[in-house]
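These notes are about the structure you will find just below.
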Amino acid sequence: MKPLPSLKNLYYLVNLHQEQNFNRAAGVCNVSQSTLSSGIQNLEEQLGYQLIERDHKSFMFTAIGEEVVQRARKILTDVDDLVELVKNQGEPMTGDIRLGCIPTIAPFLLSRLMKQCHESYPQLSLLLKEDTTDRLLASLGKGELDLLLLALPADITGYHSMKVGIDPFKMVIHKDLANRVHEPVDYHALPDESIFLLHSEHCITGHAITACQLGDSRKVNPFAATSLHTLVQMVNSKLGTTFLPQMAIDAGILNDTDLMVLTPPGDLPFREIGLVWRQTTSRIRTFRTLGLEVQKLLRQTM
């Protein structure tokens with residue numbers, strides 16, 4: 001049997017590619033820079049190909065080096081899944097789950113989810129990361145996260161998913177401006193640039209525009225907020241209106257404001273909430289059980 005590459009050396013290579021710096025990559029791997037460099041050189045010798053072009057000041061990955069990195073990520077992820085399979089055999093709701101969640105869900109749901117899991121599954125630990133959908137999916141693909149809690153639809157081609165509930169959209173407006181808006185709401189009657197939305201990197205903006213049938217872009221203010229809390233402050237200053245998910249309202253985001261809630265036009269506009277995981281994972285029972293817990297929490301808000 002021919003000698004196989006060391007998983008440790010593959011780990012060194014993947015982290016060097018991610019950090020693009022030998023010193024930082026060594027820190028991530030908790031080894032010295034010389035150890036990391038020697039490990040990668042050993043990997044090149046085993047494979048018989050140059051993976052990195054080096055000079056005294058810089059380096060770059062060769063074409064075959066880039067391909068090896070991508071395959072090494074999958075190998076390391078599969079090994080992690082294998083270890084988890086054995087460790088949690090017969091006990092699905094145990095161990096660590098690296099859970100990624102988007103900012104328009106995380107502040108309003110995760111604390112309740114963690115409390116519920118702590119009470120029902122004390123051997124399970126949720127390790128949380130909050131980020132945008134695109135970056136979370138990239139981390140999932142690299143094996144840096146195990147599971148995502150996202151708003152759908154999203155481009156989750158190549159992953160498995162489980163829909164866990166819906167989250168209705170509501171319009172909010174300052175009570176002093178309420179006489180300008182009558183239900184059912186007519187967008188055409190709103191002033192131009194009077195609707196405030198999040199920055200386009202937040203998927204909730206596209207979901208809200210689609211679900212609430214907001215087709216006239218002239219009504220949208222060019223200011224793009226970075227959080228739902230910022231939107232609330234803008235609307236509370238009597239500058240216009242916005243859309244908020246029901247889970248944020250139920251969590252108290254409108255507390256200590258003078259805002260009132262309206263139902264947007266459309267057929268009960270909402271976004272879907274779902275869990276997303278890799279097809280190769282061995283922890284499907286765990287993820288589906290966790291999905292049932294999220295379903296319970298979402299039903300409590302309806």
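Positions are given from 1, in the same order as the sequence printed here.
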- Arg54 vs Ile40 side-chain heavy atoms within contact, under 4.5 Å: yes
- Query: Side-chain contact, heavy-atom cut-off 4.5 Å: Tyr12 with Thr35?
  - Reply: yes
- Counterpart residues, side chain to side chain donor-acceptor pair (under 3.5 Å), relative to Thr133 (two or more places apart): none
- Query: How would you list all residue pairs meeting ring-ring contact (aromatic ring centres under 6.0 Å, His included) that involve residues 58-80, not counting sequence neighbours?
  - Reply: His17-Phe61, Phe22-Phe59
- Item | Validation row: Ile156, Leu148 side chains within 4.5 angstrom (heavy atoms) | no
- Check: Ile52 and Leu16 side chains under 4.5 Å, non-hydrogen atoms: yes
- What's the spacing between Arg288 CZ and Leu275 CG if we round to 0.5 Å? 9.5 Å
- Item | Of all pairs that satisfy salt bridge (charged side-chain N to carboxylate O under 4.0 Å, His left out), the ones with a partner from residues 122-133, not counting sequence neighbours | Asp131-Arg135
- Pairs flagged by salt bridge (charged side-chain N to carboxylate O under 4.0 Å, His left out) wherever residues 26-36 is involved - sequence neighbours left out: none
- Query: Looking at CZ of Arg271 and CD of Gln246, how far apart are the two atoms once the value is rounded to the nearest 0.5 Å?
  - Reply: 11.0 Å
- Side-chain heavy-atom pair Arg278, Tyr159 within 4.5 angstrom cut-off: yes
- Query: Under the ring-ring contact (aromatic ring centres under 6.0 Å, His included) test, which residues partner His202, sequence neighbours left out?
  - Reply: none
- Sequence neighbours excluded, the answer for side chain to side chain donor-acceptor pair (under 3.5 Å) partners of Glu201 is none
- Message: How long is the straight-line distance from CG of Leu239 back to CZ of Phe196, given to the nearest 0.5 Å?
- Response: 5.0 Å
- Query: Any side-chain heavy atom of Val261 sitting closer than 4.5 Å to one from Val172?
  - Reply: yes
- When rounded to the nearest 0.5 angstrom, what distance separates CG in Leu197 from CG in Asn221? 9.0 Å
- Under 30°, 30 to 60°, or over 60°: which ring-plane class applies to His160 and Trp277, parallel, tilted or perpendicular? perpendicular
- Message: Donor-acceptor check, side chain of Thr205 to backbone of Ser200, threshold 3.5 angstrom: yes or no?
- Response: no
- Item | Distance (rounded to the nearest 0.5 Å) between Ile273 CD1 and Leu297 CG | 12.0 Å
- Query: Taking atom SG of Cys117 and atom CG of Leu99, what is their separation to the nearest 0.5 Å?
  - Reply: 9.0 Å
- Message: If only side-chain N and O atoms count, and only distance matters, is there a donor-acceptor pair under 3.5 Å linking Ser58 with Asp55?
- Response: yes
- Query: Does Gln46 reach the side chain of Asn42, with side-chain heavy atoms less than 4.5 Å apart?
  - Reply: yes
